[in-house]
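A short worksheet on the structure shown next.
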Amino acid sequence: MMIYAITAIAILISIALALTRAIMGPTSYDRILSANAIGTKTVLLIGVMGFLAGRPDFLDLALVYALVNFIGTLAVLKYFKFGTLRGTLSKPADNS
Amino acid sequence: MDMILDIATWVLLLAGSVLLLITGFGLLRLPDLYTRIHAGGMADTLATFLIFVGLSFQSGFSLVSVKLLLVIVFIFFTSPTASYALAQASFVAGLKPKLDGFGARERAKEDA
Amino acid sequence: MLLLIAGTMSVLFVRNLFVATMLLGIVSFTMALIFISLDAVDVAFTEAAVGAGISTVLYIGTLALVGSQEKDKPKFAAGPMVICLVVGAVLYYATYEMPRFGEPNNPVHTHVAPRYVNDSPTEIGVPNMVTSVLASYRGYDTFGETTVIFAAGIGVLLILRQRRRRKNEDDETDVPLDKGKTGQSGSLSGLGSQHDLVPHVIAKLLIPFIFVFALYVQYHGDYGPGGGFQEGEIFAAGIILYALVFSLDYARSVVSEKAILFLISAGVLLYGGVGIASMMLGGNFLDYNVLASDPVAGQHLGILLVELGVGITVTAAMLAIFYAFVGRADLIAAKAEQEEN
Amino acid sequence: MSFGFFNYWVFIILLMIGLYTVMSRSNLVKKMIGLSLFQISVFLFYISMGKISGGTAPIVVDGPLDTAAPIYSNPLPHVLILTAIVVGIATTALGLSLVVRIRESFGTIDEEEILEMKDGA
């Protein structure tokens, strides 16, 4: 169905925009945010692509992403909040 | 019946796509981090919801639709949590929101 | 595809190592998408489980230990650049000798693959060909890979835990091994802050699902994408989430380090044991046909057991690595404290 | 037409970036990241070799499919890469742990500084 293709293209554009933000992003938090957003969009794209290819039994993947992406984000934020995972270093610099 | 489901799918997926585009532009164009979190966190979740519900109309009631529902539930829990943690962490780190609208005017008044 | 290139380029140019790590995560996302579009569902599955969770956590753990700022020296290395360009040019030239992308008659597809594709359903009786090739036809390879993971896990443990042991020998007044019981706040156990409430609740909700899902992946691996490797990653990710949100000490009380050491070896032993068992029953090493009365059932049983072994090893190895990295931070801090006193 | 080689080109570009990162950056963690990029490019290469156009994922469909006999993509590269990814992450972890140890012994993770230190000593 054509709508799947349309949606997939919309998602791709959205990913591209988020990636631009990730590359430009002034602060590190921007990059985390866009990485997280790209993760969510990947979940969507996997689902849509499964239907596009006519074999929608691959949603396990989307599930994995939905669960694991969260862990990655949390780990990163933990790292930020407590300085480092331990807190021996000074605050990580924001700018690249 | 099929017709109705198809139309529903079309509508939902289109709405989801539009929301996703809005998210993308929001991520790119909004001025500071907190507004970007706003764009990324909320519209994304709703778009996921719309698109996956639309897809599950197509799949009928099967293992696939159950999985779709599970994904929706997980995203529904994790995505706002991640946004929350992100906003909170950045706030703790001392990143101040940009207040050039309402708040700035108030402060200017106080100063005067 | 272009997204991928852009992402990679940016990884190159970003100087802050932390940001580079995030971008690496994004690259991994795009990679998984490309794998799916190239029909490699199982591979994408693995990439998903590894790239999104474990590898990010690993890099972050390292950065926490070594600091995240690359030395400020924007230099342009001419020599390596020339070498890279030459290598690239040679490879580019070589692509014209390559078979065209996606043709069914490419040499790759005509050698052993048709046999796998055509005979696997009847010989093995497992719908997922990747699983059958992985665990049965190429069982030796997989055994080797499992051993490599085993070795890597042990190696990380040896490298990163070395000093603790030596210190314990040196003076007895050292930090007790399990600091959790003394109530010492560990690296990730800055858990006191009530701002963590939301992640706490959500993690509590999610962790059981992660485990159930991991088991589903493990046992559904015969029919859909999935299997031991992916299961291991997901299971480890679940425990890592627990350790992140609560604290390492809590996670240690669930799965202790001794248990991990035990499990690492148990997985490999299970794999090898299946091989030995099939030898005992008169077949070749890792020849599952003899495990049950008829060959297909035997294959099924064998694959199940082998995948279980792989899963156990991968889980334990990943956890060992994670514990080693985070525990290292504890060690350093403990040492610093000691020096202060 | 030339699209037939597009995947290979992407693979080459990725490989070049990875190689350049490994060789030119003196920071050891950055080197590890470059190594991962290199790895990813090789994965991409293998997987694109395994693809057959019009094929589908190598999982047998039991239901009746539209085509009479579905073409499956080659499962062999998938198996190789699947294990390679997991092994790759394990070896990366090993490398990173070495980096951590180096940092503890030398106080820096910059290759050149370490070399200077050695010369000075």
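Throughout, protein chains are lettered first and strands after them, A, B, ... in sequence-line order, and every chain is numbered starting at 1.
Within 6.0 Å of CZ on C:F150 lie more than 12 heavy atoms contributed by other residues, nucleotides or ligands.
Shown here are the side chain to side chain donor-acceptor pair (under 3.5 Å) partners of D:S97, two or more places apart in sequence or in another chain: there are none.
Between chain C and the residues D:L94, D:L98, D:L96, D:I85, the largest count of heavy-atom pairs under 4.5 Å involves D:L96.
Here the closest non-hydrogen pair linking D:V87 and C:E145 is CG2-OE1, 3.0 Å.
Atom CD1 of C:I149 sits about 9.0 Å away from atom OG1 of D:T91, to the nearest 0.5 Å.
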